[in-house]
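Remarks on the structure that follows.
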Amino acid sequence: MSLMSMTLLAAPAADPTLDDFGHDPIGIVILKSVVIFVVLMLGVLFGVWFERKLISRMQNRYGPNRAGKFGLLQSVADGLKMGLKEDLMPRTVDKVIYFIAPVVLAVPAFLAFSVIPMGPKVNMFGVETPLQLTDLPVAVLLVLAMASIGVYGIVLAGWGSRSPYAMLGGLRASAQVVSYEIAMGLSFVGVFLFAGTLSTSGIVAAQANGGSFALGDVDIPLPSWYMILLIPSFAIYVITMLGETNRVPFDLPEGEGELVGGFQTEYSNSLKFAVIMLAEYVNVFVVSAVSITLFMGGWRAPWPISMWDGANTGYWPLLWFFLKMVLVFSFFIWARASLPRVRYDQLMSLGWKILIPANLAWILLVATMRAMRLDGVNQTVVLILGAVVLAGALAIWLRFDTTLQRRREAKAAQVEAEFEQLQAEPTAGGFPVPPLDLPHYHGVGRKEVPSGTN
Amino acid sequence: MDEYFGSYAVVVALFAIGVVIFAGALFGNRMLRPNRPTPEKLTTYECGIDPVGDGWAQSQVRYYVFTYLYVVFAVDAVFLFPWATVFAAPGFGMTTLVEMFVFLGFIALGILYAWRKRVLAWT
């Protein structure tokens with residue numbers, strides 16, 4: 001009997017709704033904010049250590065192992081060193097912009113974390129409060145907005161440095177981030193269609209159970225995580241989150257091979273540089289947390305654990321959330337260890353020619369599927385509409401494909417012709433070429449004349 | 001803080017805390033760090049060689065047309081998000097769906113036009 005009532009009590013799980021926010025006493029608000037800041041800072045310190053350690057293992061080396069046990073204190077030492085080093089502000093830089101750019105980069109990164117739900121309602125010092133700083137009816141929009149403000153930091157850092165490499169890095173970053181932000185925003189639409197809300201706690205609550213899809217008389221149960229239900233949205237989000245945070249394979253704004261250090265070139269090893277690094281890692285944490293909230297069930301325990309009734313109550317969800325964060329962050333490191341950097345025009349065409357059109361088509365498809373589940377909707381009309389859109393998309397794709405094919409063939413023919421011309425007349429290309437009738441070009445049949453012998 | 005803007009006030013509080021922490025860190029850094037500038041230290045680093053000419057050198061900004069496209073799609077997203085939230089609510093339904101199909105059709109035409117005009121290619 002007591003077990004029964006326990007489960008009944010646990011079942012509502014004190015799921016926070018929008019009405020639960022904005023009522024916290026000021027002490028609790030400050031406590032939560034400070035905890036978010038401190039945990040994120042520590043998260044960056046040990047996240048850097050974890051990344052270096054894991055990527056070392058993937059590359060068959062040890063990684064940091066001098067400072068502290070397992071090199072755990074390496075980032076702490078680096079941070080202290082950066083805080084105590086001489087800060088070089090080059091004479092030519094735009095002083096105000098140069099100074100505020102790291103702050104513009106860092107503060108919004110932290111702000112985005114205020115709407116990430118990390119648990120249900122708990123009893124905190126006698127106050128019933130959700131494990132989330134705040135929630136808004138437009139919470140996901142706030143995350144996107146903060147990501148956009150972060151771009152200002154990058155552009156200003158590049159512009160204020162008055163160095164060509166820094167400026168090119170900043171411009172690249174802005175083009176890249178705005179492109180990928182559109183694809184990212186569009187990949188959220190599928191989630192909103194199913195969850196029916198933009199509030200993060202509402203989206204997590206909507207992923208509690210899957211519901212079912214009625215096809216004629218058959219009820220097909222749907223998975224509860226949007227990661228599985230909306231695989232294309234999730235795949236696009238994963239790509240855009242790498243692009244949005246300038247991580248490998250999309251780390252062009254700081255591509256050291258071509259741009260020295262990108263937008264941060266002129267920030268020599270000082271606290272300002274540390275703040276930029278901090279902001280980058282916090283941005284990675286933010287997009288990871290958003291992926292967990294929107295696609296992986298948020299703080300809810302994954303399946304085998306969720307069979308335990310207490311899994312989604314009290315402070316336990318913090319642990320599930322943390323474990324999911326570690327997994328997603330490990331994915332970032334895995335991608336960094338295995339993928340080469342893409343070329344800039346490849347990056348842009350991936351964003352605009354594949355991710356965005358695919359996303360638009362997928363939104364229409366999801367909307368059609370969703371409309372079929374609604375009551376009072378003429379399913380035949382919806383199906384016809386879906387078929388028309390599908391046919392239209394196919395026609396456009398076919399048209400593009402034939403054009404591209406024709407262009408590719410023309411290009412191949414041109415290359416072939418050029419090759420033949422060069423074969424006949426080696427100097428035609430305008431390049432100095434060695435005479436092709438030298439002995440060693442003609443196989444072993446002729447005697448080669450080695451250089452340096454008489 | 002029981003009103004509608006209560007939850008927004010919390011965001012502002014976090015913003016204030018963030019600014020205070022970073023301003024404090026940078027101020028503390030200013031107090032702690034040494035400062036012995038020399039002319040060499042005060043030149044921009046660029047690529048390690050002494051800089052030549054002005055820092056804001058002219059360069060061709062590729063993909064600048066993308067900013068216009070970005071505005072189109074940002075507005076698109078602004079219309080899509082509220083649509084997606086009310087879509088399943090009672091009273092909407094078929095009309096809402098068809099309207100969004102038409103709207104997205106226009107948007108898709110925009111990107112197709114840009115594509116056809118070779119705006120999306122490296123120029």
Side-chain angles (χ1 to χ4, degrees), chain A residues 21-23 29 33-34 37 83-88 90-92 103 106-107 110-111 114 133-136 141 162-165 167-168 171 175 178-179 182 185-186 189 192-193 196-198 260 265-266 271 275 345 348-349 352-353 356-357 360 364 367 370-371 374 376-378 381 385 389, chain B residues 1-3 6-11 13-15 17-19 21-23 25-26 28-29 32-37 41-47 51 55-57 59 61 63 66-67 70 73-74 77 80-81 84-85 87-89 93-94 97-98 100-101 104 107-108 111-112 115 120-122:
Chain A
F21 294 95
H23 304 298
V29 170
S33 319
V34 172
F37 261 94
L84 297 174
K85 276 193 85 160
E86 179 176 8
D87 189 2
L88 301 176
R91 204 164 37 83
T92 48
V103 184
V107 174
F110 282 92
L111 272 185
S114 59
L133 182 60
T134 183
D135 197 0
L136 314 168
L141 212 55
R162 294 198 67 169
S163 158
Y165 296 103
M167 199 168 103
L168 279 175
L171 290 176
V178 297
S179 305
I182 291 170
L186 291 178
V189 173
F192 301 150
L193 276 172
T197 174
L198 258 70
V260 191
T265 305
E266 300 303 331
L271 195 71
V275 171
D345 60 324
M348 293 307 256
S349 57
W352 284 92
K353 294 181 181 171
I356 291 176
L360 288 177
L364 292 181
R370 190 80 178 77
L374 297 178
V377 165
N378 192 341
V381 179
L385 210 60
V389 169
Chain B
M1 291 208 292
D2 276 354
E3 291 142 43
S7 33
Y8 288 87
V10 178
V11 178
L14 189 65
F15 177 75
I17 291 177
V19 170
I21 286 183
F22 282 111
L26 288 172
N29 176 237
L32 288 173
R33 71 183 182 221
N35 189 23
R36 294 177 206 91
K41 282 183 187 173
L42 292 183
T43 52
T44 46
Y45 178 77
E46 293 194 2
C47 58
W56 286 327
S59 53
V61 179
Y63 295 117
F66 278 32
T67 44
Y70 171 69
F73 277 91
L80 265 177
F81 286 2
T85 50
F87 176 71
M94 267 329 273
L97 186 67
V98 175
M100 194 40 74
F101 269 58
L104 282 187
I107 294 285
I111 195 169
L112 275 180
W115 200 330
L120 305 184
W122 178 265

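Just so we're on the same page: letters track the sequence lines, and every chain starts at 1. Worth saying up front: this structure is predicted, and the values here are computed from it rather than measured.
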Original post:
A/L133 versus chain B, heavy atoms under 4.5 Å apart: side chain, backbone, both or neither?
Top reply: both

Subject >> Interface residue of largest heavy-atom contact number with chain B, from A/G83, A/A175, A/S179, under 4.5 Å >> reply: A/G83

**OP:** Check each atom of A/V178 against the heavy atoms of chain B and say whether the ones under 4.5 Å are side chain, backbone, both or neither.
**Re:** both

Original post:
If you tally heavy-atom pairs under 4.5 Å against chain B, which of A/L168, A/V34, A/T197, A/L186 wins?
Top reply: A/T197

**OP:** Between chain A and each of B/F73, B/F22, B/Y70, count heavy-atom pairs under 4.5 Å; write down the option with the most.
**Re:** B/Y70

Original post:
Hey, which of A/D345, A/L111, A/V107 has the most heavy atom pairs under 4.5 Å with chain B?
Top reply: A/L111

Subject >> Heavy-atom proximity to chain B below 4.5 Å, by part of A/L171 >> reply: side chain

**OP:** Check B/F81 against A/L198 and note the closest heavy-atom contact, atom names and distance.
**Re:** O-CD1, 4.0 Å

Subject >> Atom of B/R36, atom of A/E86 and distance for their closest heavy-atom approach >> reply: N-OE2, 2.9 Å

Original post:
If every non-hydrogen atom of A/L84 is compared with every non-hydrogen atom of B/P34, which pair is closest and at what distance?
Top reply: O-CD, 3.3 Å

Subject >> Part of B/A23 within contact of chain A (heavy atom distance under 4.5 Å) >> reply: neither

Original post:
Side chain, backbone, both or neither: which part of A/F110 has a heavy atom under 4.5 Å from chain B?
Top reply: both

Original post:
If you tally heavy-atom pairs under 4.5 Å against chain A, which of B/T67, B/I17, B/L32 wins?
Top reply: B/I17

**OP:** Go through the atoms of A/V189 and report whether side chain, backbone, both or neither lie under 4.5 Å from a heavy atom of chain B.
**Re:** both

Original post:
Measuring from A/L360:CG to B/I111:CD1, what's the distance to the nearest 0.5 Å?
Top reply: 7.0 Å

**OP:** Please round to the nearest 0.5 Å and tell me the distance separating atom CG of B/N29 and atom CG of A/D87.
**Re:** 6.0 Å

**OP:** Go through A/V103, A/L88, A/L193 and name the one with the most non-hydrogen pairs under 4.5 angstrom from chain B.
**Re:** A/L193

Subject >> More than 12 heavy atoms of other groups within 6.0 Å of B/F15 CZ >> reply: no

